[in-house]
Amino acid sequence: MEVRKLNDLQKLVALSKQRGFVFQSSEVYGGLNSCWDYGPIGSQLKLNVKLAWWKAMTSRNDIVGIDAAILMHPQVWKASGHVDGFSDPLVDCLDCQNRFRADTNMVDGEIVCPKCESKNLTEPRNFNLMFETYMGPVKEDASVVYLRPETAQGIFVNFGNVQASTRKKIPFGIAQIGKSFRNEITPGNFIFRTREFEQMEMQYFVKPGTDDEWFETWKKTRWDFYKTLGINQDKLRFHAHGDGELAHYAKAAFDIEYEFPIGWQELEGVHNRTDFDLSQHQKFSGKKLEYFDEANKEKYLPYVVETAVGCDRMCLMIMSDAYREEVTSKDGKEDVRVVMGFAPHIAPVKVGILPLSKKEPLKSLALKIRDDLAQNWNVEYDEAGSIGKRYRRQDEIGTPFCITVDFETSEDNAVTIRHRDSMEQERVSLDKLKEFLAPKLLA
Ligand code: ATP
């Protein structure tokens, strides 16, 4: 048997639509560029990804979670440097009118249009990536607010509240999952780069001087997280930011990159943000944000080591990594089984329940099993079409187990369980079903 991995993102886009992972936003109106909606299977996948991340962070004794508002006081973005500095250099091609980012389209030090290769371009001008809107009924400059371009600032401005309410001692971290918005000049590649996306960020507050050590610890911790997701380690690597790449707030930065079908790209950033953000908010708000270390009777502004990853990008990575085509030859014809080999705890549907016939008593028996298992897991009942086609459908959404209810079930009180990866089948009695599945669905 030949196994083919994903080599073309368009295959994933097509499967996503067909099976309900991800749809183009507002498709009936022709779609809205770079916006995507998660369907019934995709939204469950995304939720599982968020839960895995949230659990990895907040099950630790030294990390707590928050959920801050998307709209924040406009001064936040002055202090953070986003109003003045969160921009990309925008260029128009005078030959084909293509609009693109100058910094990512350089050839031998010269800007070149990625569409027609012309060098006949406008001068680069800075384009701020923040979306603006107005708060209240009057559209005037004084009421401008921004859709947050990163979730991190909601954590920095709540540092004092969180520390006081939880009495956490440094070092400790604050984790958050939420939407961010960037008016990207060139979004694209499916859910890789979009203008509305979800971030999973954790800011870890440490004593200055211990930041380098914590930076290394977090690099390793995040790498290990991807191991728990079952991601192919050969497709992950670190990329250290050189001096020219470092963001204005960063002392050190490493990206964790993944080899997507579009090439090696940033998946997650681990940054040493120093005390840049807290000192800026202290300056702009006039409020003290220092931490008092009671044991040593010391006051200081903590340094921050952050881990920042896009949830959508992580979903794309997980889907790309899970996709495989198993090709076999039958009577001179190629047969392709598409399988999404998700780790069981990430799989959107845990168990498919497939009665061999729609007729009674199989239907009622199968529905009873469905209702029972649905109390513990997200399961799917499917009675339509041949059993072979139904198995294939579950393989394509990555369901680790299928249960077939057959004509013997009412006699021997047992069902056949089919394993997604090996396609092996085994008979399990109904009263042992949950204890059979539970340990296998944990990891
Ligand atoms: P880039 O340089 O590619 O624009 P960045 O380095 O500015 O991205 P960060 O600000 O570090 O990105 O954001 C942290 C994470 O958020 C990224 O690693 C990525 O996973 C995710 N992310 C950032 N921008 C987008 C976007 N437009 N669409 C989807 N995910 C994004």
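Worth saying up front: this structure is predicted, and the values here are computed from it rather than measured. Just follow the structure's listing: the first ligand is 1, and inside any ligand the first atom is 1.
- The contact set between ligand 1 and E184, taken as ligand atoms under 4.0 Å from a residue heavy atom, comprises 24 (N), 26 (C), 27 (N).
- Atom 18 (O) of ligand 1 has E266 OE2, 2.6 Å as its closest protein atom, hydrogens excluded (heavy atom only).
- Checked by atom type, the side-chain pair N232/D321 shows no donor-acceptor distance below 3.5 Å.
- Ionic pairing of D382 and K389 is not present here: no N-O contact between side-chain nitrogen and carboxylate oxygen is shorter than 4.0 angstrom.
- Where the criterion is an N or O separation shorter than 3.5 Å, residue side chain and backbone included, L267 meets it with respect to ligand 1.
- Under a 4.0 angstrom heavy-atom cut-off, H271 registers as being in contact with ligand 1.
- Among Q199, E150, E201, the residue whose heavy atom lies nearest to atom 13 (O) of ligand 1 is Q199.
- Using the six-membered ring where Trp is involved, F436 and H419 have ring planes that are perpendicular, over 60° apart on the 30 and 60° scheme.
- In this structure, E268 has a heavy atom closer than 4.0 Å to ligand 1.
- Using a 30° and 60° split on the angle between ring planes, H241 and H239 fall in the tilted class, from 30° to 60°.
- Residue G310 places at least one N or O, backbone or side chain, under 3.5 Å from an N or O of ligand 1.
- Short contacts between ligand 1 and A308, defined as distances under 4.0 Å to a heavy atom of the residue, involve ligand atoms 14 (C), 15 (C), 18 (O).
- Nearest non-hydrogen protein atom to atom 22 (N) of ligand 1 is F197 CE1, 3.6 Å.
- The closest approach between any non-hydrogen atom of T194 and ligand 1 is below 4.0 Å.
- The existence of a salt bridge linking R125 and D92 is confirmed by a sub-4.0 Å separation between a basic side-chain nitrogen and an acidic carboxylate oxygen.
- Interface of F192 with ligand 1, defined as ligand atoms under 4.0 Å from a residue heavy atom, comprises 28 (N), 29 (C), 30 (N).
- Salt-bridge check for E396 with R393: failed, with every basic side-chain N at 4.0 Å or more from each acidic carboxylate O.
- For atom 3 (O) of ligand 1, the nearest non-hydrogen atom of the protein is R193 NH2, 2.7 Å.
- At the shortest separation from atom 5 (P) of ligand 1 among protein heavy atoms lies R182 NH1, 3.9 Å.
- Ion pairing of D211 with K251 is present here, as a side-chain N (NZ or NE/NH1/NH2) and a carboxylate O approach within less than 4.0 Å.
- Taking the six-membered ring wherever Trp is involved, the centroid distance between the rings of F190 and F192 does not fall below 6.0 Å.
- Under 3.5 Å, the side chains of Q394 and E380 contain a donor-acceptor pair of N or O atoms.
- Less than 4.0 angstrom separates atom 30 (N) of ligand 1 from at least one non-hydrogen atom of the protein.
- Ring geometry for H248 versus H82: interplanar angle over 60°, hence perpendicular rather than tilted (30 to 60°).
- Residue contacts with ligand 1 for M314 are absent, since no atom lies close enough (heavy atoms, distance under 4.0 Å).
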